[in-house]
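This report refers to the structure that appears directly beneath it.
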Amino acid sequence: MPHRDVVSATAAIGALTRRGRHRDALAMFSRVLADGVAPNEFTFGTVLRSATVLRAPRVGAQLHACAAKLGLCSNVFVGSALLDHYAKMGAMREAQGALEDTREPNVVSNTALIAGLLKNGMFDEADRLFRRMPERNLISWNAMIGGCSQAGLSEDAVNLFLEMCREGVTPNESTFPCVLTSVANAGALGVGRSVHASAIKFLGKLDVYVGNSLVSFYARCGSLEESVLAFKRMKQKNVVSWNALICGYAQNGKGEEALNAYKTMRATGLKPNNVTLLGLLFGCNHAGLVDEGYALFKAAEREQPGILKPEHYACVVDLLSRAKRFDDAKKFLEDLPFEPGIGFWKALIGGCQIHWNRELAESVAERIHALDPKDTSSYILLSNVYSAAGSWQSVSRIRREIKEKGLKRITGCSWIEVQDKVHVFFNGDCRHPQSEEICAMLGACLYTREDDQHEQSTE
DNA sequence: TTAGGGTTAG
């Protein structure tokens, strides 16, 4: 039945958008136009959302042109929706243009722009706008915190959260997942525990998003007990909750536990997704469960080929080469349904390093150099293979090559939190005030461990 | 009828 008036047409389109039927919403919009009904600012607000979710920039541009023809672009609803659409498509210039066309921009327009700026890596601009905008609400704070958290600006995200609380703005269920992801990234267990406590204080009941972030946060900070406890306390669990648990086990080297959790998850009737499989493969990898991992991959290939991504294939290469199954790994690489990127060869050379496979390491390093002559990691790995095999001449040749080609290695770092302070250490870093004591203690630990291993092997 | 903010893997 055709819609005669714009109000009922907009309501119908809005209902489709809310139900996630975005294609149908766009189709209905076209029909409404064909019926000769002129859309209003609310109609554009709704359909633009559908175009954004579908990531359809061409549809967005058509809608923009249509709104312009009707003289609606100065309206703040249309302006904000256009702004949000362009920002999410990564077209920041068009987003700014939409804001300039808006006659009276409000807190929504500014928040949409902030979110877009952060998504496109423009932190300083976003922060400047946030500081000077005339009105800020909870959603603006969440946009800043969430944007920083997703951009990896963990410290900024946590500081913003603290600032927000100081200003008396009450965080909601959207605030906490972002903050918890950030404290997890920073490895700040103590800070995260306080955030957990404040979530209980402000929210009372924790929803599935907050619960999932807690499970992941505790596991990523190495506290598996608290992670499992947070998981058990969740009233409602979805596939993301199970993924958080499985990945937590995997990251902490508990491959068997990850597999058991997966079995329980299947028993509840939930289907795994790509993240579940990745977590499982990762867990098997680190626990040396080669056959189990390979079997899971094969099962996914048969039952859910749609979830397989290059990362999963790379994990299998890693799994096989770590287990010294180089022939299987090479065969697997040859049979890949796509052209392997540099990461695949790095996974293979990693195994060569563990098992001192000098010949294969050399040929793989050649391949990596062909793909990316500036890549340092393969040089380092190759030189490690040589030094493990005792060919010091080759080691010094590689080191010379690295120097001559002006390649720089990116220094890895680790960190630990002690009494709410995070201490960061780089490779060979002696700048910590207690550096000497730390090294002495590490030495003592390593010595004891080697002793243990020696005792075990002579038993 | 209406525009802006959330979780898991790498």
Side-chain angles (χ1 to χ4, degrees), chain A residues 3 5-15 17-18 39-49 52 72 75-85 87-88 95 98 102 105-116 118-119 133 135-150 171-181 184 206-217 219-220 227 231 234 236-248 250-251 258 272-283 307 309-312 314-315 318 343:
Chain A
H3 292 278
D5 64 310
V6 63
V7 174
S8 66
T10 306
I13 295 172
T17 305
R18 276 193 300 280
N40 64 14
E41 62 272 34
F42 303 135
T43 328
F44 280 104
T46 310
V47 278
L48 273 163
R49 215 176 99 75
T52 308
L72 287 171
N75 177 278
V76 69
F77 287 101
V78 180
S80 304
L82 276 171
L83 168 54
D84 183 56
H85 171 78
K88 285 189 176 140
T102 310
N106 59 12
V107 61
V108 179
S109 332
N110 284 323
T111 305
L113 185 57
I114 284 182
L118 287 169
K119 204 157 266 166
M133 60 200 257
E135 188 198 337
R136 291 191 300 213
N137 60 17
L138 173 61
I139 301 185
S140 333
W141 280 101
N142 286 350
M144 274 301 281
I145 296 171
C148 289
S149 132
Q150 264 163 20
N172 71 354
E173 60 281 0
S174 294
T175 319
F176 287 100
C178 307
V179 182
L180 286 165
T181 306
L206 305 183
D207 74 6
V208 68
Y209 282 86
V210 180
N212 292 345
S213 335
L214 277 172
V215 174
S216 168
F217 153 72
R220 287 176 60 193
S227 168
F231 179 82
M234 290 177 71
Q236 205 192 12
K237 295 181 183 90
N238 59 18
V239 66
V240 176
S241 326
W242 286 97
N243 287 350
L245 184 73
I246 290 170
C247 295
Q251 282 175 339
N273 67 12
N274 60 328
V275 178
T276 325
L277 182 62
L278 206 56
L280 288 167
L281 290 174
F282 195 68
I307 69 168
K309 293 186 173 189
E311 297 96 285
H312 299 105
C315 243
D318 201 12

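Only a predicted model underlies this, so the values are computations on that prediction, with no experimental measurement involved. So you know, we letter chains A, B, ... as the sequences are listed, proteins then strands, and number each from 1.
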Checking all strands, does R220(A) fall into the base, sugar-phosphate, or nothing category for heavy-atom contacts under 4.0 angstrom? sugar-phosphate

With a 4.0 Å cut-off on heavy atoms, is N273(A) in touch with a base, just the backbone sugar-phosphate, or nothing at all? nothing

Just call it for F44(A): base, sugar-phosphate, or nothing, with non-hydrogen atoms closer than 4.0 Å on any strand. nothing

Looking at every non-hydrogen atom in both residues, tell me the closest pair between V6(A) and N40(A) and how far apart they are. CG2-N, 3.6 Å

Under 4.0 Å, heavy atoms only, any strand: does K88(A) hit a base, just the sugar-phosphate, or nothing? sugar-phosphate

S109(A) backbone acceptor or donor facing N106(A) side chain under 3.5 Å: yes

Counting any heavy atom closer than 4.0 Å, what does L138(A) reach on the DNA or RNA strands: base, sugar-phosphate only, or nothing? base

Name all residues meeting the side-chain contact (heavy atoms from CB on, under 4.5 Å) criterion together with E41(A); count only those two or more places apart in sequence or in a different chain, and write none if there are none. L72(A), N75(A), F77(A), V78(A)

For S216(A) and S213(A), indicate whether the former's side chain and the latter's backbone hold a donor-acceptor pair under 3.5 Å. no

Which part of the nucleic acid does D207(A) contact within heavy-atom distance under 4.0 Å: base, sugar-phosphate only, or nothing? base

Is there a donor-acceptor pair under 3.5 Å between the side chain of S80(A) and the backbone N or O of V76(A)? yes

Checking all strands, does E41(A) fall into the base, sugar-phosphate, or nothing category for heavy-atom contacts under 4.0 angstrom? nothing

Base, sugar-phosphate, or nothing: which does V215(A) touch, judged by heavy atoms less than 4.0 Å apart? nothing

What does V76(A) touch in the nucleic acid at a heavy-atom separation under 4.0 angstrom: a base, only the sugar-phosphate, or nothing? base

For T276(A), which contact category applies under a 4.0 Å heavy-atom criterion: base, sugar-phosphate, or nothing? nothing

Starting at CG of L278(A), measure out to CD1 of I246(A) and round the result to the nearest 0.5 Å. 11.5 Å

Taking heavy atoms of chain A and a 4.0 Å limit, find me the 5'-most and 3'-most nucleotide of DNA chain B within that range. dT1(B) to dG10(B)

By ring-ring contact (aromatic ring centres under 6.0 Å, His included) - contacts of F231(A) (at least two apart): W242(A)

Over all strands shown, is V107(A) touching base, sugar-phosphate only, or nothing at heavy-atom distances under 4.0 angstrom? base

